[in-house]
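Accompanying notes for the structure given below.
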There are 4 protein chains.
Amino acid sequence: MSKRPNTEQRRAEIVSALQATIAECGYAKATIQLIAQKAGLSPGLLHYHFKTKGEILLELVKTLAGLSQQRYAVLAATAQTPEERLIAYINARLATGEGANPTAVAAWVMIGAEAVRQPEVRAIYQQAIGAEFALLQALLTDYLQTVGKPAGAVDRLAAGLLALMEGAFQLASAAPGMLPNGYAAAMAIAFVSGQLAAEP
Amino acid sequence: MSKRPNTEQRRAEIVSALQATIAECGYAKATIQLIAQKAGLSPGLLHYHFKTKGEILLELVKTLAGLSQQRYAVLAATAQTPEERLIAYINARLATGEGANPTAVAAWVMIGAEAVRQPEVRAIYQQAIGAEFALLQALLTDYLQTVGKPAGAVDRLAAGLLALMEGAFQLASAAPGMLPNGYAAAMAIAFVSGQLAAEP
Amino acid sequence: MSKRPNTEQRRAEIVSALQATIAECGYAKATIQLIAQKAGLSPGLLHYHFKTKGEILLELVKTLAGLSQQRYAVLAATAQTPEERLIAYINARLATGEGANPTAVAAWVMIGAEAVRQPEVRAIYQQAIGAEFALLQALLTDYLQTVGKPAGAVDRLAAGLLALMEGAFQLASAAPGMLPNGYAAAMAIAFVSGQLAAEP
Amino acid sequence: MSKRPNTEQRRAEIVSALQATIAECGYAKATIQLIAQKAGLSPGLLHYHFKTKGEILLELVKTLAGLSQQRYAVLAATAQTPEERLIAYINARLATGEGANPTAVAAWVMIGAEAVRQPEVRAIYQQAIGAEFALLQALLTDYLQTVGKPAGAVDRLAAGLLALMEGAFQLASAAPGMLPNGYAAAMAIAFVSGQLAAEP
DNA sequence: AATGAATGAGCATTCATTCAT
DNA sequence: AATGAATGAATGCTCATTCAT
């Protein structure tokens, strides 16, 4: 008698199409027409499932942030020691190669730029950044404790690692191939190790 | 009697107005009307001095990149040792406080996002990144030589520092106040110091 | 066992939802989705019971006009003399308080505006206005006969009363609270009484 | 060196085109394209001179209200006695024939409907209604004083006249030709006269 | 009878660019 | 050099209507 709702699936398709489009053209040039075309849907349908274009963006940010969380859940299960966990985390986020997702990275960079000016995007972006920051703090605290080092500078250390990661995303998208291969993960790990040697 | 051309001044005013506007609204929302209004000029005049909107952006990227070079010229004159030069450089780019220029930083972040998709912007962005990278390589090479360390990992070290700086810019613009005060300069310096202790 | 058609009930529900919506948002903003939502039905079902949106409007006009007729049927039964009938009629249409129906009044005003441009709405609107006009003529003729006055100006008198009533509806909807309380019914009755005294 | 602004003239042309369009199609169907076409201008130009469509409407309401005021200024100069002034006023607003402006009347009716739901339109509409009401009160007070009658019911009398006038506009637009010719002005005057005879 | 997804034409609005002055 | 009106294509969004289920 009634139609079965397929809203969730359609919404996912649309969000996925936005990710692809935004990675390629940026948010402003990712027009509804273009997204719809990439999703194989009619423009009107996008507004049936999402009230505004901004709402699709918000959903994408949530999805991307969730992806990061999922990766952590996976790695946390595998790694044994705090050191392994930290290194696995860094590799999961920065290592190029098999698990790398350039589209998601490029989309994330565009979202970061959008966050500078759209308060609503900024709010969710900051939520994601905050979660990542807290996770890094926890991982670092565990690690430092294991090696018998004081946890004094964990905040700044975590912030530095976060900046290194975000900067690596930016440079990978806007200046691909200009920097040494695989520098980001290596340097992030070296950064942490260096701090251990340097601290009293 | 003679009409002296004020083209150069006008162009500078327009570029400056674009910087202010882009920092506030992003490039896409920085309309010719808005830029003109912020510069106190008429919209038509902008197209008299610049053929297209993109041309103004290109000029801004050059200006911003040049600003960085100028800062180096200043610091290179003051600093005595390679270590002082390196630290002065890092502080010049990352230190918050007196010399800090949030508008330029925000504009640079937006330009970085624009570089992902506009090939012409990307070209100049990469030029600026390349110059910064080369400068960092030179500073690091000098420094390592002074302390008697091998210059093997200079490339990756420079790339890591560059990423940390760009990431710090991004986070300062999109998530202001979320991270510890002054972490960026401190961590950049700690990053370099740590590598010295760690390397054989 | 047998499916009894609930078409008539559904149609009434839809028309009622249109009345509520039109009173609140006007006809143009009364979208099918909104009406359906207010009726607790699905949008598709509205087009099952009515071919077009305009058809629902036409039905509403008929309903509203019929309501007026019903009120007359009720009052005609109660009132004894022509004077009582006339006053009862005026009160039924204009008196504020218990019997007042602001939603119907507001909807009627919107329909009046719609009638200016939609020929099909205009036709039914005019039918309703014509019926009211005829009723007023009859009531006035009876009344004047009773008091021994010539029925010469009955047409103009009825037209004037009609205009006063429609204008009162308009002002009640678009400028509520600006005019003295209960002025409309009082002035309509005074209007009629005045004519008796004035006529030779 | 510079272009001479023609903004005021263009704005007037646009408002005039809206009046013509609104009278014919109503506000919702008066699209920017249609108005522009009727004004012989490009659609974009309408948004150069007015920020939004609603702003054009607001300007039209002001214009129409101002027209009414102007008519009073003219008639006030001509008429000698309070009675003449009152009758001249009624004729100026209601008399069909030479001075009549069906386009303005139809536009006014549509605006009245729009006022029911758009708060901003309602505010200006009520301002116009309020001015007209105050004017009627003044005219009636003067008149009643002249004929030695108490001014007790001036408010309700003025409200009744106002309703009669607005209703006459509505009926003239939505049901043209259905009512006796020239009934409105005649009945308005009869209404006032009747009250004199009736009051003690 | 009923659902709700889907369509596509139409809308107000924005904006880089042009041009007459 | 400078102005500001003018253009028109493009965009996000709305909505009556259709249709498979």
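Here is the naming used below: chain letters follow the sequence lines, and residue numbers restart at 1 for every chain.
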Would you say [X] reaches [N]'s phosphate, i.e. side-chain N/O to OP1/OP2 under 4.0 Å?
{"X": "A/Arg10", "N": "E/dA6", "result": "yes"}
{"X": "B/Thr7", "N": "F/dA1", "result": "yes"}
{"X": "A/Thr31", "N": "F/dA10", "result": "no"}
{"X": "A/Thr52", "N": "F/dG12", "result": "no"}

Measure [atom1]/[X] against [atom2]/[N] and give the value in whole Å, please.
{"X": "D/Gln37", "N": "E/dA12", "atom1": "CD", "atom2": "P", "answer": "13 Å"}
{"X": "D/Ile14", "N": "E/dA12", "atom1": "CD1", "atom2": "C1'", "answer": "14 Å"}
{"X": "B/Lys29", "N": "F/dA10", "atom1": "NZ", "atom2": "C1'", "answer": "13 Å"}
{"X": "A/Arg4", "N": "E/dA6", "atom1": "CZ", "atom2": "C1'", "answer": "18 Å"}
{"X": "D/Leu41", "N": "F/dG4", "atom1": "CG", "atom2": "P", "answer": "19 Å"}
{"X": "D/Lys51", "N": "E/dC15", "atom1": "NZ", "atom2": "P", "answer": "11 Å"}
{"X": "A/Lys3", "N": "F/dT18", "atom1": "NZ", "atom2": "C1'", "answer": "10 Å"}
{"X": "B/Gln33", "N": "F/dT3", "atom1": "CD", "atom2": "P", "answer": "13 Å"}

Might you point out which heavy atoms bring A/Ala30 and A/Thr21 nearest each other, and give the distance in Å?
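In terms of heavy atoms, the two residues are closest at CB-CG2, 3.6 Å.
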
[X] side chain: which of [options] is closest?
{"X": "A/Tyr48", "options": "F/dG12, F/dA5, E/dG4", "answer": "E/dG4"}
{"X": "A/Ile32", "options": "F/dG12, E/dA6, E/dT13", "answer": "F/dG12"}
{"X": "C/Leu45", "options": "E/dT3, F/dA2, F/dT7", "answer": "E/dT3"}

Check each of B/Val61, B/Thr103, B/Ile22, B/Leu67 against B/Trp108 using the side chain to side chain contact (heavy atoms under 4.5 Å, CB included) test, and report the only one that passes.
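Exactly one option meets the side chain to side chain contact (heavy atoms under 4.5 Å, CB included) with B/Trp108, and it is B/Val61.
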
Starting from the 5' end of DNA chain F, give me the residue, B/Ser42 or C/His47, whose nearest nucleotide shows up first.
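Going by which nucleotide is closer to the 5' end, it is B/Ser42.
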
More 5' along DNA chain F: D/Leu46 or A/Ala30, using each one's nearest nucleotide?
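The residue whose closest nucleotide sits nearer the 5' end is D/Leu46.
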
Test D/Lys38 against D/Glu24 for salt bridge (charged side-chain N to carboxylate O under 4.0 Å, His left out), laying out the working first.
CA-CA 12 Å; D/Lys38 200 152 281 192; D/Glu24 195 180 310; 3.0 Å; yes

For E/dT18, the Watson-Crick or wobble partner whose two distances fall under 3.5 Å:
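Checking every strand shown, E/dT18 finds its partner in F/dA5, with both distances under 3.5 Å.
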
Is it true that C/Gln37 and C/Gln33 share a donor-acceptor pair across their side chains at a distance under 3.5 Å?
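No, C/Gln37 and C/Gln33 have no side-chain donor paired with an acceptor closer than 3.5 Å.
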
